[in-house]
Each structure stands twice: as structure tokens, then as C-alpha cells.
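Throughout, a chain's letter reflects where its sequence line sits, starting with A, and its residues are numbered from 1. Just so you know, these numbers use all the heavy atoms, side chains as well, and skip hydrogens, waters and symmetry mates.
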Number of protein chains: 2
Amino acid sequence: MDYTISSVDRALRMLQALSELPGSGVTELAERTGCTKSQTFRILYTLEAQGYVTKDADRSYRLGFQTMLLGDQARRQSPLIAAAEPHINDIYERIRQNVLLIVRHGMRTACVLLRASPDRDQIYAEFGRTGPLHAGGGPKVMLANAPCEIQEAVLTGELTRYTRKTICDPDTLRALLEKIRTDGWHLSEADLDDDKRSVAAPVRDASGEVVAAISVTAPEDYLQGARLDETRDLVLQTVERLSVALGYRGTPVVHA
Amino acid sequence: MDYTISSVDRALRMLQALSELPGSGVTELAERTGCTKSQTFRILYTLEAQGYVTKDADRSYRLGFQTMLLGDQARRQSPLIAAAEPHINDIYERIRQNVLLIVRHGMRTACVLLRASPDRDQIYAEFGRTGPLHAGGGPKVMLANAPCEIQEAVLTGELTRYTRKTICDPDTLRALLEKIRTDGWHLSEADLDDDKRSVAAPVRDASGEVVAAISVTAPEDYLQGARLDETRDLVLQTVERLSVALGYRGTPVVHA
DNA sequence: CCTCCGTTTTTCATTGTGCGAAACAGTGTT
DNA sequence: AACACTGTTTCGCACAATGAAAAACGGAGG
């Protein structure tokens with residue numbers, strides 16, 4: 001049964017639209033969301049009254065401070081993030097490369113925790129940004145362990161090319177996902193960011209389900225030979241410990 | 001005229017309630033928000049469908065990743081934060097003490113940007129947390145420059161005591177606010193955190209309205225003598241530069 | 001300064017959506 | 001096994017939300 005309250009649903013989509021098109025006005029947002037102008041106006045009015053959106057002098061709208069504060073609360077409330085933070089810091093202190101905690105959010109990945117390398121190497125992932133499921137170390141680990149419907153949807157959908165090495169062939173990708181599930185870790189090579197490699201492994205919770213991935217993303221010449229092995233071992237030890245901290249008892253759930 | 005959509009309004013209050021009472025269930029949230037159980041259930045259902053809230057195995061609700069991601073977008077969209085970040089970093093690099101950017105949000109303050117001192121001294125403010133308007137350096141600067149109705153509401157409302165030195169007398173506070181407006185800066189002494197002082201000054205935007213405060217919060221023995229003067233000058237220079245960057249043309253708006 | 005055009009705000013009658021109340025189905029507690 | 005408690009489901013009614021269209025506003029250009 002569907003208990004969705006349509007006006008609330010629209011309001012949430014409005015926030016989403018606003019996060020993608022900041023600085024737009026009533027008409028533009030109405031078109032974007034498919035709401036009528038009256039609906040749009042009233043939704044924005046309601047959101048503004050509580051500070052979730054802000055109206056500029058030129059009547060363009062942006063997300064407001066309330067949205068930001070709520071987001072910060074959400075971050076604090078996440079048991080996953082709280083549990084992962086020290087582990088992510090540990091890895092970072094040892095190798096001083098980009099360390100990411102990634103979750104799947106619908107058909108995208110989101111980086112929910114990031115310790116960035118000080119050289120500020122440009123990497124695709126950014127704090128709180130979403131990315132694809134089919135490219136990158138963490139993303140492919142999440143995809144390999146996602147419910148079958150999600151995997152199928154991605155494999156049959158468009159596989160956007162990010163670099164020369166992005167895997168855009170469904171069959172190759174399908175085989176790789178199988179390998180990732182078997183190996184329990186994955187090394188991705190410049191398929192999302194040029195000249196970058198990622199070592200990633202899955203984090204499981206008490207139910208055995210994969211809830212996140214930890215990934216170390218570094219220049220290609222760093223993740224090689226002995227350092228690659230060390231990094232892989234470090235990541236594997238860490239996901240193991242973190243999973244246990246989340247209540248995992250060694251009974252993985254495997255999809256597809 | 002009031003164009004509020006009541007169901008959307010309730011949904012937003014639900015998110016707010018959830019940020020205050022994470023891990024509660026339908027009944028508890030219904031009581032907290034004053035919504036009926038059906039309303040509460042349906043609102044949570046709608047919020048969950050889009051990932052704004054998450055239902056745990058024990059049917060308790062928490063804010064979800066979508067809320068977090070939206071909050072991160074909101075932070076990126078804020079021209080104030082974007083403009084302030086380098087300035088806050090500058091101050092931090094020079095003095096290595098807590099540097100805060102504070103805004104007023106209704107009857108509270110919120111810390112929207114924070115460079116914390118590495119000694120991890122416990123201070124009241126935390127990233128994305130709200131605080132009172134009548135105690136603390138940044139907060140009092142915001143209160144002094146808030147619309148009269150807000151000032152009156154705070155002065156006639158309860159002035160919570162945080163430390164021995166918190167100013168709880170309305171008349172003393174009123175006089176101090178007047179002084180803060182005249183001086184254009186403020187030194188608060190252990191009225192929110194024991195053994196801590198704050199030097200704070202207001203940031204204005206193109207309209208001349210005070211939109212934020214920059215505050216340096218440090219141990220009492222740091223903010224003394226010559227160092228106090230230096231810090232005050234540094235903060236004053238910085239708010240001046242930031243205000244100009246925001247379009248301020250030297251025409252302050254003064255309330256009360 | 002005035003005019004025009006696009007956008008936002010307001011109004012109002014109609015209708016379909018969201019609502020309350022109460023029954024039902026789980027969960028775990030005594 | 002019975003209970004107490006929370007969460008889920010149903011249903012008809014009322015009024016909140018809606019669409020359409022008019023009014024007000026504001027900025028651009030002459």
C-alpha cells in the first residue's frame with residue numbers, strides 16, 4: 001500500500017531540485033519539478049518559513065541554513081559514520097593518501113566521509129557528493145553487493161565513460177562484479193579519475209548486508225607492488241574490524 | 001497572507017523533531033510533534049521513500065543519508081560560507097585558536113564554519129550546532145544587531161545561565177548590547193564556556209545588515225594584554241574584508 | 001520617466017487528497 | 001498463554017490543496 005503524502009513528496013523533490021539548480025526562481029523550479037506554479041510557490045513559501053530555503057533579493061531561491069544544520073545532525077546521528085571515523089583516520093595517519101567511506105544511495109554512490117591527501121590531488125569524490133556505481137573502487141564494491149535489481153538496472157542502463165579505462169561493457173563488468181564478491185576486495189585502475197587507483201573493500205553490518213565501502217584512492221605509482229599489498233591488507237583489516245564493531249558476526253549476505 | 005501547506009509544514013517539523021530525538025518511533029514522534037499517529041506514520045513513510053529518514057530494524061527512525069547529502073549541498077551553495085572560508089582559515093593559520101563563523105537562526109545561533117584549535121579544548125560551539133543568543137562572543141554580537149523584536153524576545157525571555165559569569169540580568173545585557181553596537185566588536189569572558197574568552201565582530205552584506213559574526217574563542221590566559229589587542233585587530237580587519245567581499249559599501253543598518 | 005513583458009503574488013470556487021477514528025497485526029514482556 | 005504496546009491498515013468525510021486566471025510587481029529598454 002502506498003501511504004505517500006503527495007504534497008510532502010513534492011516538497012522533498014523541490015529541495016532536491018534546488019540542490020541541483022541553486023538560484024532559480026518559481027517558474028524555473030516549476031518546470032524542473034513538473035509542479036504547477038501555484039504548488040511551487042506555496043511549497044517554497046512553506047520551506048522558506050522554516051528556513052529550509054532562502055529567498056535572495058532577486059527572488060531566486062537557495063537551500064537555507066536550516067537544511068544545512070539538519071544535514072549536520074544527520075551526520076552526527078549516523079552510527080555508521082560514528083563507528084567508521086576513527087578507522088578512517090587510522091588508515092589516513094598511516095599512509096597519508098585519500099581515504100573514503102562510501103555508501104550506495106539508490107542508483108548512485110555517496111561519499112559520506114573523506115580524509116583527503118594534503119597534496120589536494122583532484123579526485124572525483126568529494127565530501128557529500130554523489131557519483132556513479134559502475135566506476136571507481138568503492139562504487140564497484142557497492143554495486144557488486146547491491147540487490148540484484150540495482151545491479152541489473154545499472155548493467156542494462158547507460159554506463160557513462162569517465163576515462164579511457166572506464167568499463168562500459170556490461171558483460172565485462174558483470175564478470176568483474178562476480179570477482180569482487182569472491183575476492184572480498186577490489187583494485188580499480190583509473191576508471192573514474194585518470195592516473196588514480198583505488199583499493200576498496202566492503203563493510204557489513206549486523207545483518208550481514210554490505211552497508212558501505214572503504215576505499216583508498218591514490219596516484220597509480222603509489223598503489224603498486226609492495227605498497228599495494230600493504231594497503232590492501234590495511235583496508236581488509238579495517239573493514240573487518242569496522243564490520244565487527246557494527247555487529248557483523250561473519251555471516252555475509254550475497255546478492256546475485 | 002499565509003500560503004503554508006500544512007502537511008509540508010508538519011513534515012518539516014517531523015524532521016526537526018527527529019534531529020532532536022533520533023531513534024524514536026511513530027508514537028513518540030507523534031506525541032512530540034503533536035501530529036496524530038496516522039499523520040506521523042504517513043509523513044515518515046513519505047520521508048523514508050526518498051531516503052530523508054531511515055527506519056532501523058527495531059522500527060526506530062533516524063535522519064537518513066539524503067538529509068545529510070542535501071545539507072552538504074546547502075553548505076556548498078552558501079555564498080557567505082564560501083566567501084568566509086579563506087578568511088577563517090587565514091585567522092586560524094596565524095593564531096591557531098578556535099575560529100568560528102556564526103549566524104543567527106531564529107532565536108538561536110548556529111556555528112556554520114569552525115576551525116578548531118588542535119588541543120581540542122572543549123568549547124560549547126560545535127560544527128552545525130545551535131546555541132543561545134545571550135551568551136558567548138559571537139552570539140551577543142548577533143543579538144546586538146538582530147531586529148528589535150528578536151532582541152526584545154530574548155531580553156524578556158529566560159536568560160539561561162551557563163556559567164557563573166553568564167549575564168542573566170536584562171538591563172545589564174541591554175546596556176552591553178548598546179556598547180557592542182557602538183564599539184563594533186566584543187570581548188566575552190567565560191559566559192558560555194568556563195575559562196574561555198571570545199573576541200567577536202559582525203560581518204555585513206551588501207544591504208548593510210549583519211549576516212554573521214566571526215569569533216575567536218581561546219583560553220582566558222591567551223586572550224589577554226597585547227595578544228588580545230592583536231586578535232581584536234585581526235578579527236576587525238577580517239570582518240571588514242569579508243563584508244566588502246560580500247558587497248558591503250559602508251552603510252550599516254542599525255537596529256534598536 | 002514611462003511602457004512593456006516576464007515573473008511573482010493573490011484570489012476564489014471546486015475537488016481530490018489527506019485526515020481521524022478505530023480496527024487490525026505484529027513484537028516482545030510478564 | 002495472555003497481555004500490553006507499538007506500528008499498520010482501512011474507509012468515508014471534510015476541508016486543505018489545487019488550477020486557472022487576474023492582479024501586482026520589477027526590471028529592461030526606449
Side-chain angles (χ1 to χ4, degrees), chain A residues 1-18 20-64 77 205-207 209 247 249, chain B residues 1-18 20-64 205-209 247 249:
Chain A
M1 191 51 59
D2 183 37
Y3 297 109
T4 306
I5 299 172
S6 44
S7 53
V8 173
D9 200 70
R10 273 191 295 269
L12 298 176
R13 285 181 208 294
M14 193 61 69
L15 285 171
Q16 188 62 39
L18 213 46
E20 288 158 19
L21 301 164
S24 13
V26 172
T27 309
E28 197 172 354
L29 286 166
E31 276 163 20
R32 178 54 123 85
T33 56
C35 298
T36 64
K37 262 166 59 167
S38 349
Q39 283 177 329
T40 306
F41 174 73
R42 275 179 267 237
I43 289 170
L44 291 170
Y45 182 94
T46 307
L47 292 170
E48 195 197 358
Q50 298 213 32
Y52 284 89
V53 310
T54 302
K55 198 199 290 195
D56 289 355
D58 62 340
R59 295 162 191 214
S60 68
Y61 290 86
R62 284 180 300 102
L63 295 174
Q77 288 182 13
D205 71 0
S207 73
E209 201 72 62
R249 299 271 148 227
Chain B
M1 189 53 56
D2 182 37
Y3 298 110
T4 305
I5 298 173
S6 46
S7 53
V8 172
D9 198 69
R10 273 191 294 270
L12 298 176
R13 286 182 206 293
M14 192 62 69
L15 285 171
Q16 188 61 39
L18 213 45
E20 287 158 19
L21 300 163
S24 16
V26 173
T27 309
E28 197 172 352
L29 285 167
E31 277 163 19
R32 176 54 122 80
T33 56
C35 298
T36 66
K37 260 167 58 165
S38 342
Q39 283 178 328
T40 306
F41 175 72
R42 274 180 272 238
I43 289 169
L44 290 170
Y45 183 94
T46 308
L47 292 171
E48 195 198 358
Q50 297 212 31
Y52 285 90
V53 309
T54 303
K55 198 198 294 194
D56 288 356
D58 62 341
R59 295 163 192 209
S60 69
Y61 290 87
R62 283 180 299 102
L63 295 174
D205 71 0
S207 73
E209 202 71 63
R249 299 271 149 229

Peer 1: With ring pair (Phe, Tyr, Trp, His ring centres under 6.0 Å) as the rule and sequence neighbours excluded, what pairs involving residues 42-63 of chain A come up?
Peer 2: Tyr45(A)-Tyr3(B)
Peer 1: Just the rounded figure in Å: distance from P of dC25(D) to CG of Asp58(A).
Peer 2: 18 Å
Peer 1: With Glu209(B), which residues qualify under side-chain hydrogen bond (donor to acceptor under 3.5 Å, both in side chains), at least two apart?
Peer 2: His255(B)
Peer 1: Tyr3(B) side chain N/O closer than 4.0 Å to the phosphate oxygens (OP1, OP2) of dT10(C)?
Peer 2: yes
Peer 1: List the residues meeting side-chain contact (heavy atoms from CB on, under 4.5 Å) with Arg13(B), not counting sequence neighbours, and say none if there are none.
Peer 2: Gln50(A), Asp9(B)
Peer 1: Calculate the interatomic distance between Asp9(B) atom CG and dA16(D) atom P; express it in whole Å.
Peer 2: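 For the pair Asp9(B) CG and dA16(D) P, the rounded distance is 13 Å.
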Peer 1: For the pair made of OH in Tyr45(A) and P in dT10(C), what is the distance, rounded to whole Å?
Peer 2: 8 Å
Peer 1: Which residues satisfy the side-chain contact (heavy atoms from CB on, under 4.5 Å) test with Arg62(A), sequence neighbours excluded?
Peer 2: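 Partners of Arg62(A) under the side-chain contact (heavy atoms from CB on, under 4.5 Å) test: Pro22(A), Thr54(A), Asp56(A), Gln77(B), Pro79(B).
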Peer 1: Mind calculating the distance between CZ (Arg32(A)) and P (dT7(C)) to the nearest angstrom?
Peer 2: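 My rounded result for the distance is 17 Å.
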Peer 1: Nearest whole angstrom, please: distance from the P of dT9(D) to the CG of Asp2(A).
Peer 2: 11 Å
Peer 1: Could you grab the distance from atom CG of Leu21(B) to atom OG1 of Thr33(B), nearest 0.5 Å is fine?
Peer 2: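 Interatomic distance, Leu21(B) CG to Thr33(B) OG1, rounded to 0.5 Å: 10.0 Å.
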Peer 1: When you measure from the side-chain N and O atoms of Lys55(A) to the phosphate of dT7(C), is any distance below 4.0 Å, counting only OP1 and OP2?
Peer 2: no
Peer 1: Mind listing the closest non-hydrogen atom pair of Thr46(B) and Val8(A) along with its distance?
Peer 2: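 Smallest heavy-atom distance, with atoms named: CG2-CG1, 3.8 Å.
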Peer 1: Could you give all pairs that pass the salt bridge (charged side-chain N to carboxylate O under 4.0 Å, His left out) test and reach residues 36-52 of chain A, with sequence neighbours left out?
Peer 2: none
Peer 1: Give the B/S/- string for nucleotides 17-24 of chain D, one per nucleotide from 5' to 3', where a protein heavy atom under 4.0 Å of the base yields B, of only the sugar-phosphate yields S, and otherwise -.
Peer 2: SBBB----
Peer 1: Just the rounded figure in Å: distance from C1' of dT8(C) to CD of Glu31(A).
Peer 2: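 For the pair Glu31(A) CD and dT8(C) C1', the rounded distance is 14 Å.
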Peer 1: Side chain of Val26(B) only, heavy atoms from C-beta on: which candidate in dT9(C), dT7(C), dT8(D) is closest?
Peer 2: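 Out of dT9(C), dT7(C), dT8(D), the nucleotide with an atom closest to Val26(B)'s side chain is dT8(D).
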Peer 1: For Arg32(A), give me all partners under salt bridge (Lys or Arg N to Asp or Glu O under 4.0 Å), at least two apart in sequence or on another chain.
Peer 2: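 Counting only residues at least two positions away or on another chain, Arg32(A) forms a salt bridge (Lys or Arg N to Asp or Glu O under 4.0 Å) with Glu20(A).
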Peer 1: Extract from the structure each pairing of a protein N or O with an N or O of nucleotides 26-30 of chain C at less than 3.5 Å, listing the distance.
Peer 2:
none

Peer 1: Run the salt bridge (Lys or Arg N to Asp or Glu O under 4.0 Å) test against Asp205(B) and tell me which residues pass, sequence neighbours left out.
Peer 2: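 Once residues adjacent in sequence are excluded, Asp205(B) has no partner under the salt bridge (Lys or Arg N to Asp or Glu O under 4.0 Å) criterion.
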Peer 1: CD of Glu48(B) versus P of dG7(D): gap in Å, rounded?
Peer 2: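 In whole Å, dG7(D) P and Glu48(B) CD are 13 Å from each other.
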Peer 1: Without decimals, in angstroms, what is the distance between Phe41(B) CZ and dG20(C) C1'?
Peer 2: 15 Å
